[in-house]
Amino acid sequence: MRNINSVKQEFLKKWIWGLRKYSSQKKNMSLMERKKAIKLSADLAMASTRNKSTRWSRALIANASRDGNNKVLTEHVSPSSSSPPQRPATRKSFRRIRSCRNMLIRRNRAAVHCRTKDRVVAASFVAKRLVQKRTRRLKSLLPGGESMDAESLVEETLDYIQSLRAQVEVMRRLVTASEIMILNPSRGGEKEALPYIR
C-alpha cells in the first residue's frame, strides 16, 4: 500500500492541473459546468493516482473518455502506461454462475419442504437474498463494479473508499486554506494557509 500523504500530494497536483486545463478550454462556464469540471477533474486525478491498477480507476477514466469534451483531460491526466489486462467475462463463466445459482435455488426449494428445517432454511434464504441485494447495490455504486466477482468487489471497494477519503481530506484542506487566505489577505494569509494544503 502506498503512503497516503504521497497519494494526497499527487492527487492535489493532478486535480489542480485538471482544473486549469478544463478552465482554459472554456472561459465562461455556468455554475453547473463548474461543478462538472470540479467533479470530473477530481475523479480523473483520483483515478490516475492509482495508475490504472484497479478496475474502478480504469472505469472512471473510460467513462470520462466517452465524452468528446473530456478527451484532453483523460489523455493528459491518466498515465500513458498500459493497463493490466482485465479478464473479460466469458459465456462459460456466466453459464457456470447460472448453473450454480439454479442448483442453489433447487436445493433451497427442496430444503424448504423439509418440516424440521423450515425456519432455518427460510432464514438462510432471506439472508442470501439480503446479501445478493446489498451486493447488487454495492456493484452499482462502485465504478466498474457491475462486472466484478464478490472477492474483487470487496477489495476494489476498500481501495475506492480509501481513495475517496484522501480526496475528501485534500478538498477540505484546500477549502480551509482558501478561507484563511480570504479572511486574512493583508496579514499574510498565504503563509497561514500553507500548512493546511500540505
Side-chain angles (χ1 to χ4, degrees), residues 1-19 22 32 34-71 73-101 104 125-175:
M1 197 89 218
R2 294 173 54 193
N3 181 3
I4 193 71
N5 289 328
S6 66
V7 170
K8 289 177 189 176
Q9 287 176 349
E10 184 180 354
F11 165 75
L12 181 61
K13 288 177 188 175
K14 291 182 178 186
W15 183 42
I16 290 172
W17 183 90
L19 286 172
Y22 200 91
M32 292 304 289
R34 287 183 188 152
K35 180 182 173 183
K36 179 185 173 190
I38 291 169
K39 182 176 179 354
L40 176 67
S41 58
D43 284 348
L44 289 174
M46 183 175 62
S48 67
T49 60
R50 299 300 297 146
N51 296 327
K52 294 184 181 180
S53 62
T54 57
R55 289 183 189 179
W56 66 261
S57 63
R58 291 190 301 267
L60 276 177
I61 292 170
N63 290 342
S65 65
R66 286 186 190 131
D67 186 2
N69 299 331
N70 305 333
K71 287 282 187 190
L73 284 179
T74 56
E75 289 172 357
H76 287 89
V77 172
S78 64
S80 61
S81 65
S82 62
S83 61
Q86 186 175 351
R87 201 174 70 186
T90 62
R91 286 186 179 188
K92 188 176 183 179
S93 64
F94 282 128
R95 284 186 202 137
R96 189 171 8 142
I97 291 169
R98 193 178 310 129
S99 68
C100 289
R101 186 179 57 209
L104 287 173
F125 185 74
V126 170
K128 285 178 186 177
R129 287 280 192 192
L130 188 59
V131 168
Q132 289 172 350
K133 182 179 177 183
R134 290 182 179 170
T135 302
R136 280 193 304 270
R137 178 72 177 136
L138 184 58
K139 285 182 175 188
S140 69
L141 291 173
L142 186 69
E146 295 84 16
S147 62
M148 292 183 202
D149 61 349
E151 183 181 339
S152 60
L153 180 68
V154 171
E155 291 174 9
E156 293 275 332
T157 302
L158 292 173
D159 188 70
Y160 187 59
I161 290 170
Q162 183 182 15
S163 296
L164 285 174
R165 282 184 178 163
Q167 180 184 20
V168 168
E169 190 174 331
V170 167
M171 290 178 167
R172 281 186 181 156
R173 287 184 179 193
L174 191 62
V175 168

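Keep in mind that this is a model prediction, so the values were computed, not measured. Hydrogens, waters and symmetry mates play no part in the numbers below; they use all other heavy atoms, side chains included.
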inquiry  = Quick check: closest heavy atoms across L19 and A37, and the distance to 0.1 Å?
reply    = CD2-O, 3.9 Å
message = For A59 versus P143, what's the shortest heavy-atom pair and its separation?
response = CB-C, 3.6 Å
task = Please answer whether the main-chain N or O of R55 pairs with a side-chain N or O of E156 as donor and acceptor at a distance below 3.5 Å.
result = yes
ask   = Which distance, rounded to the nearest 0.5 Å, do you find between the CD of Q9 and the CD1 of I4?
value = 11.5 Å
inquiry  = Is any side-chain heavy atom of R50 closer than 4.5 Å to one of W56?
reply    = yes
task = Please test M46 against L60 for side-chain contact (heavy atoms from CB on, under 4.5 Å), starting from the C-alpha separation and ending with a verdict.
result = CA-CA 9 Å; M46 183 175 62; L60 276 177; 4.1 Å; yes
message = Tell me every residue that passes salt bridge (charged side-chain N to carboxylate O under 4.0 Å, His left out) with E146, counting only those two or more places apart in sequence or in another chain.
response = none
Spacing of CG belonging to D43 relative to OG belonging to S57, to within rounding of 0.5 Å = 11.5 Å
inquiry  = With rounding to the nearest 0.5 angstrom, report the CZ to CD1 distance, R66 to I61.
reply    = 12.5 Å
request  = List for me each residue that meets salt bridge (charged side-chain N to carboxylate O under 4.0 Å, His left out) alongside K133, sequence neighbours excluded, and say none if there are none.
outcome  = none
task = Would you mind checking if E10 and K14 are paired as a salt bridge, meaning a charged N to carboxylate O distance below 4.0 Å?
result = yes
message = Under the criterion side-chain contact (heavy atoms from CB on, under 4.5 Å), I'd like the reasoning laid out for R165 against I161: C-alpha separation, chi angles, the key distance, then a yes or no.
response = CA-CA 6 Å; R165 282 184 178 163; I161 290 170; 4.0 Å; yes
key: Non-hydrogen side-chain atoms of T54 and E155 separated by less than 4.5 Å   = no
message = With rounding to the nearest 0.5 angstrom, report the CD to CG distance, E169 to L12.
response = 12.0 Å
task = Begin with the C-alpha distance, continue with both residues' side-chain angles, and end with the deciding distance and a verdict on side-chain contact (heavy atoms from CB on, under 4.5 Å) for D149 and L153.
result = CA-CA 6 Å; D149 61 349; L153 180 68; 5.8 Å; no
ask   = Side-chain contact, heavy-atom cut-off 4.5 Å: Y160 with L141?
value = no
ask   = Does the side-chain contact (heavy atoms from CB on, under 4.5 Å) test come out yes or no for L174 and W15, once each step is laid out?
value = CA-CA 11 Å; L174 191 62; W15 183 42; 3.3 Å; yes
note = Heavy-atom closest pair (S140 atom, R137 atom, distance to 0.1 Å) is OG-O, 2.6 Å
query = Do any N or O atoms from the side chain of K139 and from the backbone of M148 form a donor-acceptor pair under 3.5 angstrom?
reply = yes
